[in-house]
Asker: 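I am attaching a structure below and will ask some questions about it afterwards.
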Amino acid sequence: MAPPRLLTYSTGANSGIGYDLTAALVASPGNHVIMGCRNYERGARALQQLHLQLHAGSLSLLEVDITDDQSISLAVDKLTVEVGVVDVLINNAGIVMRNFPDRRSEILDTMNTNSVGHLVFTEALVPLLQRSTDPRIVNVSSVLGSINSRLDPSDPSYRVASEAYRMSKAALNMATACMYANYKVWGAKVWAYCPGYAITSLTGEGDRGRRESTGAVSSTTSAAGIVDIVEGRHDGDVGRFLQIGGAILPW
């Protein structure tokens, strides 16, 4: 019998795409999903809700704030003791700041969560990923991080400013490229993935209705694209920037 697949997230597993992704992955027997959440209470509520649903796999909760090095260290120590290996790391944290004291804080805090934290967290997990027979890393990015798309007036997102968010996702894309270049020597498969314009609370609970009315896809649909990567349906696109639906996005 094959060993169970162990999955861990950064922050964001308790809502939106992260929550739906957890539900989809834990539906498969043999999958053990570790929900990484910055807020333990919110994570515990999400875990309780998921336990009420029928699932063939198993679940656990990991408190981790990827913007805090001590929190990362404690989380990695706990994973090392309790599971010893990580097969799939899905970096799913993301913020769009609405209330910020100044422009510099907006940019730096967004970068810290959306890109810097993911790289630091991933580097800390490398020893556990190296113990896997098929290590996979998925960085949840955005088309707004594509420099090519930003310069194309015909692109649907061309008129979206969001400089801080764009810069953070462009940095995450570069982090993805660096991970792929550095980690492929020991067998890691790495992707960036754009979940599309989805109905989530990324820009606040009050914005969900507007997203739905303007054609946003469900977070379940977005999560399904990550499941496809995890289950090997995009192994021919390793090191690429994938979009919901499987299309390749320009960096």
Asker: Please say whether more than 12 non-hydrogen atoms of neighbouring residues, nucleotides or ligands are located less than 6.0 Å from CG in Leu108.
Answerer: yes
Asker: Answer yes if the side chains of Ser141 and Asn139 hold a donor-acceptor pair under 3.5 Å, and no otherwise.
Answerer: no
Asker: Is the number of heavy atoms from other residues, nucleotides or ligands within 6.0 Å of CZ (Arg103) greater than 12?
Answerer: yes
Asker: Where do Ala164 and Thr110 come nearest, in terms of heavy atoms and distance?
Answerer: O-CG2, 3.8 Å
Asker: Could you give the side-chain donor-acceptor pairs of residues 180-192 under 3.5 Å, partners two or more places apart or in another chain?
Answerer:
from, atom 1, to, atom 2, distance (Å)
Asn182, ND2, Cys178, O, 3.1
Lys189, NZ, Asp134, OD1, 2.9
Trp191, NE1, His234, O, 3.1
Trp191, NE1, Asp237, O, 3.3

Asker: Could you please spell out the steps behind the side chain to side chain contact (heavy atoms under 4.5 Å, CB included) verdict for His32 and Ser60?
Answerer: CA-CA 8 Å; His32 177 67; Ser60 61; 2.9 Å; yes
Asker: State yes or no: do Met174 and Leu89 share one hydrophobic cluster built from I, L, V, M, F, W and Y residues joined by side-chain heavy-atom distances below 4.5 Å, directly or via other members?
Answerer: no
Asker: Check whether any side-chain heavy atom of Arg166 lies under 4.5 Å from a side-chain heavy atom of Val160, and answer yes or no.
Answerer: yes
Asker: Whether the side chain of Asn114 engages the backbone of Ile95 through a donor-acceptor N/O pair (distance < 3.5 Å, no angle test) should be reported.
Answerer: yes
Asker: Mind checking whether Val120 and Ile66 have side chains closer than 4.5 Å, heavy atoms only?
Answerer: no
Asker: Heavy-atom distance under 4.5 Å between the side chains of Glu231 and Ser28, does that happen here?
Answerer: yes
Asker: Is it the case that over 12 heavy atoms from other parts of the model lie below 6.0 angstrom from the CZ atom of Arg233?
Answerer: yes
Asker: Quick one: does Cys37's side chain get under 4.5 Å of Asn14's, heavy atoms only?
Answerer: yes
Asker: Treating Ile, Leu, Val, Met, Phe, Trp and Tyr as nodes and any side-chain heavy-atom pair under 4.5 angstrom as an edge, say whether Ile248 and Val138 lie in one connected cluster.
Answerer: yes
Asker: For atom OH of Tyr40, is the number of surrounding heavy atoms from other residues, nucleotides or ligands below 6.0 Å larger than 12?
Answerer: no
Asker: Kindly check if the number of other-residue, nucleotide or ligand heavy atoms within 6.0 Å of CD (Gln70) is above 12?
Answerer: no
Asker: Does a side-chain heavy-atom distance below 4.5 Å link Phe100 with Asp109?
Answerer: no
Asker: A quick test of your reading: do over 12 heavy atoms of other residues, nucleotides or ligands sit less than 6.0 Å from CZ of Arg150?
Answerer: yes
Asker: Starting from the C-alpha separation in whole Å, work towards a yes-or-no answer on side chain to side chain contact (heavy atoms under 4.5 Å, CB included) for Val230 and Leu21.
Answerer: CA-CA 11 Å; Val230 171; Leu21 176 59; 5.6 Å; no
Asker: Give every residue pair that meets the ring pair (Phe, Tyr, Trp, His ring centres under 6.0 Å) criterion with at least one member in residues 45-80, sequence neighbours excluded.
Answerer: His51-His55
Asker: Can Val96 be reached from Leu172 by stepping across I, L, V, M, F, W or Y side chains whose heavy atoms are under 4.5 Å apart?
Answerer: no
Asker: Could you tell me whether the side chain of Asn31 and the main chain of Gly57 form a donor-acceptor pair under 3.5 Å?
Answerer: no
Asker: Quick one: does Thr176's side chain get under 4.5 Å of Phe241's, heavy atoms only?
Answerer: no
Asker: Grouping I, L, V, M, F, W and Y whenever their side-chain heavy atoms are under 4.5 Å apart, do Ile72 and Leu74 come out in a common cluster?
Answerer: no
Asker: Under 3.5 Å, is there a donor-acceptor pair between the side chain of Ser146 and the main chain of Pro250?
Answerer: yes
Asker: Rounded to the nearest 0.5 Å, how far does CD1 of Ile244 lie from CG of Leu249?
Answerer: 11.0 Å
Asker: Are any of the side-chain heavy atoms of Ser168 and His118 separated by less than 4.5 Å?
Answerer: no
Asker: Measure the shortest side-chain to side-chain distance between Val143 and Lys169 over non-hydrogen atoms and say whether it is less than 4.5 angstrom.
Answerer: no
Asker: May I have the step-by-step check of side chain to side chain contact (heavy atoms under 4.5 Å, CB included) for Val26 and Gln53, ending in yes or no?
Answerer: CA-CA 10 Å; Val26 80; Gln53 302 176 23; over 6 Å; no
Asker: Applying a strict under-4.5 Å side-chain criterion to I, L, V, M, F, W and Y, I'd like to know whether Val83 and Leu125 cluster together.
Answerer: yes
